[in-house]
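Read the structure below first, then the notes.
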Protein chains: 2
Amino acid sequence: MVVSFPVMFPSPSVAMPDDAGAQGAATRMRDVAQRAGVSPMTVSRALRDPSKVSPAVLRLVEEAVRAVGYVPNRLAGGLSSMRTNVVGMVVPSLDNSLYSPTIQGVSAVLHAAGYQLMIGECGHSPQGEEALVAAFLAQRVAGLMLHGVHHTEAAAAMLRRAGIPVVETGSLSAKPLDMVVSYSNEAAAQAMTLHLHRLGYRRIACVTLPSAGNERSRDRQRGYRAALASVGLEADPALLMEMPPGLASGAEAVVRLLQSPAPPDAVFFAGDVLAAGALFECQRRGWAVPTRVALAAFDDIDILRHVVPPVSTLRLPRAEIGRRGAEVLLDRIEGRAAGTVAVDLGFEIVQRGST
Amino acid sequence: MVVSFPVMFPSPSVAMPDDAGAQGAATRMRDVAQRAGVSPMTVSRALRDPSKVSPAVLRLVEEAVRAVGYVPNRLAGGLSSMRTNVVGMVVPSLDNSLYSPTIQGVSAVLHAAGYQLMIGECGHSPQGEEALVAAFLAQRVAGLMLHGVHHTEAAAAMLRRAGIPVVETGSLSAKPLDMVVSYSNEAAAQAMTLHLHRLGYRRIACVTLPSAGNERSRDRQRGYRAALASVGLEADPALLMEMPPGLASGAEAVVRLLQSPAPPDAVFFAGDVLAAGALFECQRRGWAVPTRVALAAFDDIDILRHVVPPVSTLRLPRAEIGRRGAEVLLDRIEGRAAGTVAVDLGFEIVQRGST
DNA sequence: TTGTATGCGTTATCAT
DNA sequence: ATGATAACGCATACAA
């Protein structure tokens with residue numbers, strides 16, 4: 001049942017008070033300079049490096065800035081200095097809370113260093129990424145964070161020509177554009193599969209997101225297969241599924257697997273919130289977890305710790321990837337480091353009641 | 001149990017190939033013009049409004065652009081034209097998935113219109129917001145989206161002087177800075193409380209986030225109290241709690257309420273994921289929902305639909321707020337509309353098994 | 001420590 | 001339809 005309370009009242013157009021306040025006329029450095037009785041150059045110095053002007057002048061300038069309500073123009077500053085304090089970030093999706101911790105980590109580090117974050121959503125498409133890269137380069141961003149590791153040739157060429165530092169965070173890429181900060185999707189999937197085997201499960205299914213155009217899904221499938229091979233288990237194709245993201249997909253997957261002729265005794269959901277969806281479905285159907293089927297997940301999202309039973313999962317350093325990524329990016333932007341870097345931040349297995 | 005696989009290998013510094021590719025030298029409009037055999041002004045026109053140049057010249061320019069790998073410089077363009085295609089957005093938090101739909105809505109609309117999104121996290125602090133507003137104004141953003149509705153005097157003054165359009169989305173503010181697109185927190189809380197009363201519950205508790213410095217929490221408490229008053233129920237202070245965000249808080253709240261001398265028969269969790277945390281705690285303790293206690297939530301987050309039993313909640317137009325907010329902002333930026341506007345997007349009550 | 005001249009890459013404006 | 005010229009507001013490089 002849905003009860004609606006839609007209300008909409010575009011108010012009568014009330015004009016902005018064009019006369020009230022000092023609206024409009026943006027004050028320039030010159031205005032501050034005149035008021036302080038110094039040259040614009042002195043104002044520029046006072047604002048960017050107070051130690052380069054005399055204390056007396058500094059006070060005058062600060063006062064003038066406040067008096068006229070001066071807000072510097074970074075377009076002009078950036079154009080003149082050929083540097084900006086803006087970093088661009090491209091994420092596959094913004095409605096997916098999976099990327100939130102990484103974005104948050106990036107934002108925190110940038111903010112502390114006085115940089116601004118420009119963000120764009122490319123929808124898992126290399127073409128979308130290319131468009132955003134072009135837009136960000138047009139803004140003359142000082143550096144770029146990319147989640148995807150599969151880029152169009154044009155995007156790669158633009159980035160090469162631009163010569164700005166780039167950090168990729170989606171996975172440990174074989175041939176990175178520049179720098180990489182991530183974890184190994186393959187190693188993580190392999191580790192969880194082996195963990196399930198160590199716990200005694202022998203028919204281990206794996207559900208990933210669609211692998212078409214998704215390197216990470218393929219990496220995880222590879223890790224799953226490698227683990228099975230290493231313990232001498234045969235990889236039954238019926239036990240490897242691909243599903244779109246979402247709780248509903250997880251529910252559907254577990255039903256299909258358990259109602260198949262040879263059901264698994266454990267299911268490793270290697271992506272998104274599939275595992276949570278599967279668990280809720282098991283609750284609805286009264287399928288005991290982990291006795292009838294064990295469930296494992298791929299990401300330490302909050303709910304997995306709180307559901308009944310709590311779900312075993314991999315803990316990936318999502319926020320740390322954002323922080324470290326931003327740090328190495330800033331190191332390069334500010335000339336504290338040269339050359340490329342690859343950082344593997346590893347992962348953890350969190351064993352809980354679902355396995 | 002936690003099994004760690006930390007691995008880190010900063011690779012040996014591999015210098016960027018400074019000679020490879022056309023690295024470094026950013027091409028300017030002049031280079032394109034020379035190559036195409038026209039003036040820079042013609043290139044500018046061709047790029048921004050192809051209909052203003054002859055088809056033959058357009059082809060020449062497009063070819064030259066591709067040949068030299070030209071990426072326009074929006075710093076210069078913005079400086080010259082006094083306009084940018086960047087919109088700033090200030091959100092209280094980036095790790096909280098609650099704001100994701102709104103951000104996503106804003107991003108989608110801006111992107112479709114050729115605008116870029118600059119985002120900043122103010123941590124629920126008006127001072128943090130002020131700093132971000134200053135930073136965004138320095139970038140000469142074309143418009144601004146703010147979630148908070150409580151601003152510092154300095155921030156308000158800066159915005160007034162800047163004269164750019166501003167949209168507030170946090171709640172329907174009594175005296176908005178400029179434009180507002182939101183829903184009524186008070187009306188929503190009131191509606192859900194009345195809904196619980198209609199279902200027959202008579203001791204209705206309410207748990208909100210801390211109200212200190214949080215207008216929205218206070219609005220919701222006000223709505224809860226108004227509802228009780230309107231049906232002649234007395235507001236027992238022991239039934240109104242404030243808890244920090246998080247699943248754990250919801251769990252703690254429901255335990256404290258149900259173990260109190262006069263426990264409620266329904267609990268309305270008016271914020272964050274408190275309700276989900278409470279439900280999981282009830283599952284752990286074997287407290288039947290809704291017979292022992294009914295649970296209601298304040299936001300239609302995905303898990304509430306999938307848990308057992310699914311949780312009744314309010315459906316707030318979070319994504320729509322982002323989209324409509326960006327639309328009215330763009331209308332003003334691009335001069336399609338003048339004057340301020342207030343839009344109440346309403347809400348819905350979603351009745352499910354938990355009540 | 002402070003000031004002067006010049007240029008950053010683009011667009012507005014006016015001219016042709 | 002196209003071009004010449006002059007800003008836009010600031011920072012670099014040098015001079016005082």
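Computation of the quantities below employed the complete heavy-atom set of this structure, encompassing side-chain atoms and omitting hydrogens, waters and symmetry-equivalent molecules. Since the model is a prediction, treat every value here as computed from it, not as a measurement. A note on names: the letters A, B, ... follow the listed sequences, proteins ahead of strands, and every chain is numbered from 1.
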Just N and O in the side chain of [X]: are any of them under 4.0 Å from OP1 or OP2 of [N]?
| X | N | answer |
| --- | --- | --- |
| Arg83(A) | dT12(D) | yes |
| Ser39(B) | dT2(D) | no |
| Arg48(A) | dA11(D) | yes |

- Message: Which residue in the set Leu146(B), Val167(B), Thr102(B), Leu144(B) passes side-chain contact (heavy atoms from CB on, under 4.5 Å) when paired with Met89(B)?
- Response: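 For Met89(B), the side-chain contact (heavy atoms from CB on, under 4.5 Å) check succeeds only for Thr102(B).
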[X] [atom1] to [N] [atom2], straight-line distance once rounded to whole Å:
| X | N | atom1 | atom2 | answer |
| --- | --- | --- | --- | --- |
| Arg45(B) | dA4(D) | CZ | P | 11 Å |
| Leu75(A) | dA11(D) | CG | C1' | 14 Å |
| Leu60(B) | dG3(D) | CG | P | 11 Å |

- Task: Test side-chain hydrogen bond (donor to acceptor under 3.5 Å, both in side chains) on Tyr115(A) and Glu334(A) and set out the steps.
- Result: CA-CA 11 Å; Tyr115(A) 282 72; Glu334(A) 306 197 331; 2.9 Å; yes
- Item | Whichever of Ser81(B) and Ser44(A) has its nearest DNA chain D nucleotide further upstream toward 5' |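 First, find each residue's nearest nucleotide; the 5'-ward one identifies Ser81(B).
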- Span of DNA chain C, from the first to the last nucleotide whose atoms fall under 4.0 Å of chain A heavy atoms: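 Contact span on the strand: dT1(C) to dG9(C).
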- State whether the distance check finds a donor on one side and an acceptor on the other, under 3.5 Å, for side chain Arg140(B) versus base dG9(D).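 Absent.
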- Rounded to the nearest 0.5 Å, what's the gap from CG on Leu345(A) to CZ on Arg318(A)? Could you check?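 If I round to the nearest 0.5 Å, the distance is 12.0 Å.
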- Task: Look up atom CD1 in Ile164(B) and atom CD1 in Ile333(B), then write down how far apart they are to the nearest 0.5 Å.
- Result: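 Rounded to the nearest 0.5 Å, the CD1-CD1 separation comes to 8.0 Å.
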- Query: So does Arg332(A) pair up with Glu327(A), basic N to acidic O under 4.0 Å?
  - Reply: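 Here Arg332(A) does not pair with Glu327(A) in a salt bridge, since their nearest N and O are not under 4.0 Å apart.
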- Query: Between the side chain of Glu121(A) and the main-chain N/O of Val91(A), is any donor-acceptor distance below 3.5 Å?
  - Reply: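 It does not hold such a pair.
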- Shortest side-chain distance from Leu79(B), nucleotide among dA11(D), dT2(D), dC8(D):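 Closest nucleotide among those given: dC8(D).
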- Message: Closest approach to the side chain of Met41(B), judged atom by atom: which nucleotide of dT2(D), dA4(D), dG9(D) is it?
- Response: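 Nearest listed nucleotide: dA4(D).
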